[in-house]
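Following: one structure in structure tokens, then a few remarks.
In this chain, residues are counted from 1 in sequence order.
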Amino acid sequence: MAAQRQVWCRHPLAVSLLFYLLLHTMDVCARPANMSALKDKNPTGKDDNEILPPDHLNGVKMEMDGHLNKDFHQEVFLGKEMEEFEEDSEPRRNRKKLIEIFTKVDFNKDRSVSAKEMQRWIMEKTEEHFQEAVKENKLSFRAVDPDGDGHVTWDEYRVKFLASKGFNEKEVAEKIKNNEDLKVDEETQEVLESLKDRWFQADNPPADQLLNEQEFLSFLHPEHSRGMLKYMVKEIVRDLDQDGDKKLTLSEFISLPMGTVENQQAQDIDDDWVRERKKEFEEVIDANHDGIVTMDELEEYMDPMNEYNALNEAKQMIAVADENQNHNLELEEILKYSEYFTGSKLMDYARNVHEEF
């Protein structure tokens, strides 16, 4: 693994990412995959968010670049209310909000949440993320469909994408129309080629090289299409698979840390990252526990509407806070472990619980 880390760190982008890590004390980074290399240039750019497929998909357990989604359990517990639990928000307001959520999850109103109730809630929140993506897609599609004919060509998308990267839109459109060389940098060209592959994957049969609004949704959000979910899995396996057998071993799955580092803080991050991925590989992704993750297993793991996965996630979430070991979740437990469920730590979590409930 040391050799792999040294090779990775010689990549110029890896150096810049490592520098960014040390400046901002991010938790982990990995070698760039798919579109993530270009996206890192302008992570908050509105235009990018509108037309570039995101690396992070809400309610999906793994990022497009192979990272684990560290906010997954909060996303499937809070849904679109996740942003209400900010670090600097008022603890008493957060406590009341969490109590409200608990009463909704507690479907049979017995003041105790079972795994089945949590599973039902997770599925509801996942569907909520789906609907949010559909709403956002309408705006994105409108931005790349300038003539409003309900279909977008690859060239139309390419013009808008390059314009969002600072290229002159009229000049790009003219050059594409005349089949002239666009003269983009190598990094942008690589991203365009990757996007083009993904574009044609989203073009449902009979392929007409045009994307309608539903196909464009699959392009931006592959979790909405079984075919695109398969494509996303192939892309992830391609980036992690070192021996080309189209399967993942544990060593392949954990071989993405940022590289050998000098300071102890970064080394601790490295170790935590490996430990977290090892646990996810062995306990969750590798369904038959044979030490190998196939594309089918990874696809089932990535599928946000997999009810079996939702039940497993529900059991894991309950186990974190189940202090009385009754396999259910009581209000006092969820308030005590509020940081796990919401990212927000509540002070005096038990105060006035019964009065407010």
Side-chain angles (χ1 to χ4, degrees), residues 27 54-87 89 94 97-108 112-136 217 220-226 229 232-233 236 276-277 279-281 283-285 287 297-322 327-331 333-346:
D27 42 15
D55 176 55
H56 175 83
L57 301 169
N58 287 332
V60 178
K61 297 199 76 171
M62 190 179 288
E63 314 282 16
M64 286 291 293
D65 61 4
H67 285 100
L68 297 179
N69 176 3
K70 63 184 179 61
D71 297 323
F72 174 76
H73 58 270
Q74 291 174 18
E75 290 170 359
V76 295
F77 181 72
L78 298 176
K80 62 184 179 183
E81 294 174 323
M82 187 173 175
E83 58 194 39
E84 294 189 25
F85 288 86
E86 298 174 352
E87 290 185 10
S89 53
N94 285 353
K97 188 65 183 175
L98 190 51
I99 291 171
E100 288 175 14
I101 292 173
F102 180 89
T103 60
K104 293 176 183 177
V105 185
D106 179 21
F107 186 68
N108 64 6
S112 181
V113 169
S114 67
K116 281 290 186 181
E117 286 175 320
M118 185 67 84
Q119 177 197 30
R120 172 181 171 274
W121 180 256
I122 287 172
M123 296 299 290
E124 281 186 13
K125 296 294 106 178
T126 301
E127 179 61 29
E128 196 173 273
H129 287 304
F130 267 47
Q131 295 307 316
E132 193 66 25
V134 170
K135 284 170 57 180
E136 292 173 358
L217 175 64
L220 290 184
H221 289 274
E223 75 275 21
H224 284 250
S225 160
R226 196 71 193 189
L229 189 65
M232 180 166 65
V233 166
I236 291 173
E276 181 183 350
R277 288 182 76 87
K279 181 179 180 182
E280 194 74 5
F281 182 98
E283 298 181 11
V284 185
I285 309 177
E297 285 177 320
L298 189 56
E299 185 180 330
E300 289 303 308
Y301 170 79
M302 295 285 286
D303 183 4
M305 296 306 290
N306 184 317
E307 293 187 6
Y308 178 74
N309 286 351
L311 181 58
N312 277 342
E313 183 66 24
K315 291 176 180 178
Q316 290 176 38
M317 291 171 72
I318 289 174
V320 167
D322 184 20
H327 305 295
N328 282 11
L329 196 63
E330 278 71 50
L331 179 60
E333 292 171 329
I334 198 172
L335 289 174
K336 184 173 181 179
Y337 289 86
S338 64
E339 192 167 12
Y340 171 79
F341 290 98
T342 69
S344 175
K345 190 170 184 177
L346 306 182

### Message
Any carboxylate oxygen within less than 4.0 angstrom of a Lys/Arg side-chain nitrogen, looking at Lys70 and Glu276?
### Response
no

### Query
Hey, are the side chains of Phe102 and Ile99 touching, using non-hydrogen atoms and a 4.5 Å cut-off?
no

### Query
Are any of the side-chain heavy atoms of Val320 and Phe341 separated by less than 4.5 Å?
no

#### Entry: Closest contact, heavy atoms only, Asp106 versus Asn108
OD1-OD1, 3.0 Å

### Task
Mind listing the closest non-hydrogen atom pair of Gly66 and Arg277 along with its distance?
O-NH1, 2.9 Å

### Message
Looking at Gln316, I want to see if its CD is surrounded by more than 12 non-hydrogen atoms of other residues, nucleotides or ligands under 6.0 Å.
### Response
yes

### Query
Would you call Phe107 and Lys116 a side-chain contact if the rule is heavy atoms closer than 4.5 Å?
no

### Summary
Minimal heavy-atom distance between Gly59 and Pro304, with the atoms involved, is O-CB, 3.6 Å

### Message
Side chains of Lys61 and Glu313, heavy atoms from C-beta outward: is any pair under 4.5 Å?
### Response
yes

### Message
Could you check whether any side-chain N or O of Asp322 sits under 3.5 Å from a backbone N or O of His327, counting only pairs where one atom can act as donor and the other as acceptor?
### Response
yes

### Message
Below 30° counts as parallel, above 60° as perpendicular, anything between as tilted: where do the rings of Tyr340 and His73 land?
### Response
parallel

### Task
Would you please test Glu128 and Lys125 for salt bridge (Lys or Arg N to Asp or Glu O under 4.0 Å) and show each step?
CA-CA 5 Å; Glu128 196 173 273; Lys125 296 294 106 178; 2.9 Å; yes

### Query
Atom CD1 in Ile236, atom CE in Met64: separation rounded to 0.5 Å?
6.5 Å

### Query
Would a 4.5 Å heavy-atom cut-off, applied to side chains only, mark His221 and Phe130 as touching?
no

### Message
How close do Ala314 and Ala115 get, counting heavy atoms only, and between which atoms?
### Response
CB-O, 3.5 Å

### Query
Can we say Glu81 and Lys97 salt-bridge, meaning some charged N sits less than 4.0 Å from an Asp/Glu carboxylate O?
yes

### Summary
Closest heavy-atom pair, Trp121 versus Val76, reported as atoms and distance to 0.1 Å, is CD1-O, 4.0 Å

### Query
If you measure from the Lys or Arg side-chain nitrogens to the Asp or Glu carboxylate oxygens, is any gap between Glu300 and Arg226 under 4.0 Å?
yes

### Flag, side chain of Asp55 to backbone of Asp65, donor-acceptor distance under 3.5 Å
yes

### Message
Taking Lys104 first and then Glu124, would you say they form a salt bridge - that is, a charged N and a carboxylate O separated by under 4.0 Å?
### Response
no

### Task
Have a look at Asn58 and tell me which of Glu223, Met82, Glu75 forms a side chain to side chain contact (heavy atoms under 4.5 Å, CB included) with it.
Glu75

### Query
Is there a side-chain contact between Met118 and Ile122, using heavy atoms and a 4.5 Å cut-off?
yes

### Task
Measure the spacing between NE2 of His56 and CG of Asn69 and express it to the nearest 0.5 Å.
4.5 Å

### Euclidean distance, Met232 CE relative to Leu298 CG, rounded to 0.5 Å
8.5 Å

#### Entry: Val284 and Asn312, any side-chain heavy atoms less than 4.5 Å apart
no

### Task
Look up atom CD in Gln74 and atom OG1 in Thr342, then write down how far apart they are to the nearest 0.5 Å.
6.5 Å

### Query
What pair of heavy atoms forms the shortest contact from Val233 to Glu299, and how long is it?
CG2-CA, 3.7 Å

### Query
Can any side-chain N or O of Thr103 pair as donor or acceptor with the backbone N or O of Glu100 at less than 3.5 Å?
yes

### Query
Can you tell me how far CE of Met123 sits from CG of Asn306, rounded to the nearest 0.5 angstrom?
7.5 Å

## Note on the structure
d(Tyr337 OH, Leu98 CG) to nearest 0.5 Å is 14.5 Å

### Message
Could you check whether any side-chain heavy atom of Val134 comes within less than 4.5 Å of a side-chain heavy atom of His224, counting everything from C-beta outward?
### Response
yes

